[in-house]
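In what follows, a single structure is set out as C-alpha cells and then discussed.
Just so it is clear, the structure is predicted and the values come from calculations on it, not from any experiment.
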Amino acid sequence: MQTDMTLQINGQTRSFPEPAPSTLDQLIQQLGMKADRVAVERNGEIVPRAEWTGTVVQSGDRLEVVHFVGGGSPPTAG
C-alpha cells in the first residue's frame, strides 16, 4: 500500500507521493528552491546547509523554509 509523506512547511500541510524526498536537500530541490538562498528549520532546530544531504525528512516533520530576497534601497546621493 502506497502512503504519501505529509510535512508541515511554513505552517501549511503538504503531501508528497512516493517516491517522496528522503533528505532535506532533495526536498529543497523538489520544491524548486535554490539551496544557496534558503535557510531551513526542522522541528524547531536550524539545520546547517552542510548537513542537508544527511538530514532525513520524515512524515510529520515541521519545517520552516526561509527564502532570502535581495534588494533594498539604492544609495542616496548626499
Side-chain angles (χ1 to χ4, degrees):
M1 179 177 199
Q2 187 173 350
T3 306
D4 290 351
M5 178 172 66
T6 303
L7 301 171
Q8 281 281 344
I9 301 176
N10 296 342
Q12 295 184 336
T13 301
R14 299 268 312 255
S15 292
F16 296 86
E18 292 295 330
S22 59
T23 61
L24 203 48
D25 67 322
Q26 290 175 355
L27 175 66
I28 295 302
Q29 270 188 328
Q30 189 167 339
L31 293 173
M33 297 180 167
K34 295 184 182 231
D36 63 343
R37 297 198 180 150
V38 297
V40 179
E41 179 183 281
R42 178 180 169 259
N43 299 326
E45 300 282 328
I46 293 174
V47 181
R49 190 172 292 117
E51 296 177 14
W52 289 5
T53 56
T55 301
V56 175
V57 290
Q58 299 176 5
S59 194
D61 279 351
R62 291 174 291 109
L63 301 162
E64 292 295 324
V65 181
V66 179
H67 191 267
F68 301 114
V69 178
S73 300
T76 57

Nearest heavy-atom pair of Gln8 and Thr13: which atoms, and what distance?
NE2-OG1, 2.8 Å
Nearest heavy-atom neighbours spanning Thr53 and Thr23
O-CG2, 3.3 Å
From CG (Asn43) to CZ (Arg62), nearest 0.5 Å
5.0 Å
Worked check of side-chain contact (heavy atoms from CB on, under 4.5 Å) between Leu27 and Phe16
CA-CA 10 Å; Leu27 175 66; Phe16 296 86; 3.6 Å; yes
Apart from Val66 itself, what residues make up its hydrophobic cluster, given side-chain heavy atom links below 4.5 Å?
none
Considering all heavy atoms of both residues, which atom of Arg37 and which atom of Arg49 are nearest to each other, and what is their separation?
N-NH2, 4.4 Å
Approximate separation, where rounding is to 0.5 Å, of Leu24 CG and Trp52 CH2:
6.0 Å
Report all side-chain donor-acceptor pairs from residues 28-36 shorter than 3.5 Å, counting only partners two or more places apart or in another chain.
none

Contacts of type salt bridge (charged side-chain N to carboxylate O under 4.0 Å, His left out), residue Asp61, not counting sequence neighbours
Arg42
Can you see which heavy atom on Asp4 is nearest to which on Ser59, and at what distance?
O-OG, 4.4 Å
Considering non-hydrogen atoms only, spot the tightest contact between Ala20 and Met5 and give its length.
CB-CE, 3.6 Å
For the side chain of Glu51 and the backbone of Val47, is there at least one donor-acceptor N/O pair under 3.5 Å apart?
no
